[in-house]
*Asks:* 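Sharing a structure below in structure tokens format, with a few things to ask.
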Amino acid sequence: MNILNIILTLVMFVVIGIIIRYIIVKNKNAEEEESFEMEDKTYTVESAINFVKKRLDEITKINLYDIGLSEEELKRRKAKKYELKKALKGCTYGDVNDKKYVKELIYDLLYKEYGINESNISKAIPFDIPSLLTSQDKFDILLYTYKKDFGYEALTEIIKKYDLARLKYVQGETKPSYVITDDEISQIYEQEQIELTFTDKLNILVQRIYQYYKGFSSIDEIRDMNIDGVSGGVSGLPESFLSQVAQTDSEYLDQITEYKVPRACDSIWIMFQGKSIRLAFLSFGRESELKRVCQNIYKYNNPGQLSDTNGYKINEMKDGSRVVVVRPSMSETWAFFVRKFDVKRASLEQIIKVPGKEDAIDLLKFLVKGARIISLTGEQGCRKNNNAYGND
């Protein structure tokens, strides 16, 4: 009987030991998984944006007189601080030089202070796993690659090379339209077979951080390209309508979600050689982001406040682009129109592309030489302004 008790006691101790060991191992694995998840979150785009915001805020607000600098060093640091403040303000006006300066500073902060390296940069944007790349990721990589060779003609080269500016049928629509879809961007990305260095990856990440921090969101790089213009929020269902539907007709809202009906914040259009092309693969993501862009894009030379009482603003950007911004309640949604005028390249021979254009061009020349009053009419995007410049 005593031997049986001893055996039972030993078995009980062994079982308790196994249970304790299991609990310890489980807790250790949970801690490792938690730390791995925390490490992953450390290098996301959102956390990197927060880091950059905090560091630049510290740099611009530091009191240089409290840190005991020599007179020469104080002057140098004050000049650098003033230059940064000026660049942070100027880059929101469309100044490409200020934008370049801010991006270079962000690059240094990420590389030297934040700890971005080859092993963790793919946690922000999955460069090494193409199946995880979004359409915006692929487009950003394509545009960056082409920009290295073609500069501000990069978008034009992509559109021309792959014949993207053509009428096409989209699923669910009965009429053809000018649109660039997710599938087209994915196919182009696969065909290009792009190989990126660490510097390339970091530059792409810097641009992503910049456009959500000080830039114009998804259209930031597109706005700089040599195209006729870019618009946002000008089509799609407004948030106010979706909120109303959600309260009154949930089935209709489910249908909208099922068929992926575009919202106003999904609306991005470019004007390319007189054609309005919808970039279906890009989006602002949410109405608040579209609102942020609308509130910043018109601010050059302080034209006044865009308010509910004064629901629109017409202004120009630093590069001469004309910008029009509207907001509720004057319009259904927040929206903007940016029109760029490439006067140097505008000519009648380039603009008028119809049979017998020589006669039309001669007629216009004689009308101008005779100081006749000329009325230029037509729909939006038919290049009325460029025609006017071409006749000067």
Side-chain angles (χ1 to χ4, degrees), residues 49 53 56-57 60-61 81-103 210-225 227-236 238-241 243 263-271 276 282-343 376 380-381 384-386 388-389:
I49 291 172
K53 283 181 179 178
L56 290 180
D57 189 57
T60 53
K61 291 184 178 179
K81 181 179 174 182
Y82 171 78
E83 188 178 8
L84 175 58
K85 283 186 173 182
K86 180 176 173 291
L88 287 172
K89 189 174 182 180
C91 65
T92 60
Y93 299 150
D95 190 317
V96 292
N97 293 320
D98 286 339
K99 173 181 174 178
K100 183 179 178 181
Y101 179 85
V102 174
K103 284 176 64 175
Y210 170 83
Q211 66 190 32
Y212 288 121
Y213 170 46
K214 281 290 181 180
F216 303 124
S217 191
S218 303
I219 65 138
D220 187 76
E221 282 285 79
I222 294 173
R223 196 215 70 86
D224 296 339
M225 296 291 115
I227 55 176
D228 297 332
V230 58
S231 307
V234 297
S235 64
E239 291 294 328
S240 56
F241 173 78
S243 300
R263 304 164 297 168
C265 61
D266 300 324
S267 168
I268 296 177
W269 296 71
I270 61 170
M271 191 73 70
S276 290
L282 281 184
S283 171
F284 292 101
R286 54 189 185 276
E287 188 185 31
S288 60
E289 186 67 6
L290 173 60
K291 179 180 176 181
R292 180 186 72 82
V293 174
C294 290
Q295 289 176 324
N296 290 330
I297 202 167
Y298 75 96
K299 289 289 184 69
Y300 180 58
N301 276 342
N302 299 318
Q305 188 68 30
L306 181 68
S307 62
D308 192 42
T309 306
N310 189 5
Y312 75 96
K313 284 291 176 185
I314 302 173
N315 196 24
E316 62 179 22
M317 303 187 75
K318 193 165 184 177
D319 63 354
S321 303
R322 184 183 67 195
V323 57
V324 179
V325 181
V326 294
R327 59 156 291 169
S329 54
M330 179 182 175
S331 61
E332 290 183 330
T333 66
W334 291 82
F336 65 88
F337 306 81
V338 176
R339 292 293 175 261
K340 305 181 76 174
F341 306 112
D342 194 1
V343 182
L376 298 175
Q380 187 180 24
K384 300 184 293 293
N385 287 286
N386 281 343
Y389 284 121

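Heavy atoms only: backbone and side chains are in, while hydrogens, waters and symmetry mates are out. Just so you know, residue 1 is the first one in the sequence shown, and it goes up from there.
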*Asks:* Apply side chain to side chain donor-acceptor pair (under 3.5 Å) to Thr60 and list each qualifying residue two or more places apart in sequence or on a separate chain.
*Replies:* none
*Asks:* OH/Tyr298 to CE/Met317 distance, rounded to the nearest 0.5 angstrom?
*Replies:* 12.5 Å
*Asks:* Can you tell me if Ser217 and Glu289 form a side-chain donor-acceptor pair at under 3.5 Å?
*Replies:* yes
*Asks:* Side chain of Arg292, backbone of Glu287: donor and acceptor closer than 3.5 Å?
*Replies:* no
*Asks:* Per the side-chain contact (heavy atoms from CB on, under 4.5 Å) rule, which among Asp228, Val323, Asp319, Val230 passes with Lys340?
*Replies:* Asp319
*Asks:* Rounded to the nearest 0.5 Å, what separates atom NZ in Lys85 from atom NZ in Lys89?
*Replies:* 11.0 Å
*Asks:* Please name the residue in the list Glu316, Arg223, Arg339 that meets the side-chain contact (heavy atoms from CB on, under 4.5 Å) test with Ser321.
*Replies:* Arg223
*Asks:* Tell me if the NZ atom of Lys81 is crowded by more than 12 foreign heavy atoms within 6.0 Å.
*Replies:* yes
*Asks:* Sort and list the pairs that fulfil salt bridge (charged side-chain N to carboxylate O under 4.0 Å, His left out) and have at least one residue in residues 91-101, not counting sequence neighbours.
*Replies:* Asp95-Lys318, Lys99-Asp220, Lys99-Glu221, Lys99-Asp224
*Asks:* Check side chain to side chain contact (heavy atoms under 4.5 Å, CB included) between Ile314 and all other residues, then give those that pass, not counting sequence neighbours.
*Replies:* Tyr312, Val324
*Asks:* From Gln211 CD over to Ile49 CD1, what is the distance, rounded to the nearest 0.5 angstrom?
*Replies:* 8.5 Å
*Asks:* Between Ser267 (side chain only) and Ser235 (backbone N and O only), is there a donor and an acceptor less than 3.5 Å apart?
*Replies:* yes
*Asks:* Could you pull out all residues at least two apart from Tyr300 that satisfy ring pair (Phe, Tyr, Trp, His ring centres under 6.0 Å)?
*Replies:* Tyr93
*Asks:* For Asp57, which residues count as a salt bridge (charged side-chain N to carboxylate O under 4.0 Å, His left out) partner, sequence neighbours excluded?
*Replies:* Lys61
*Asks:* Please find the pair of heavy atoms, one from Tyr212 and one from Ser218, that lie closest to each other, and give the distance.
*Replies:* OH-OG, 4.0 Å
*Asks:* Among residues two or more places apart or on two chains, list those pairs meeting side-chain hydrogen bond (donor to acceptor under 3.5 Å, both in side chains) that have a residue in residues 325-335.
*Replies:* Asp308-Ser329
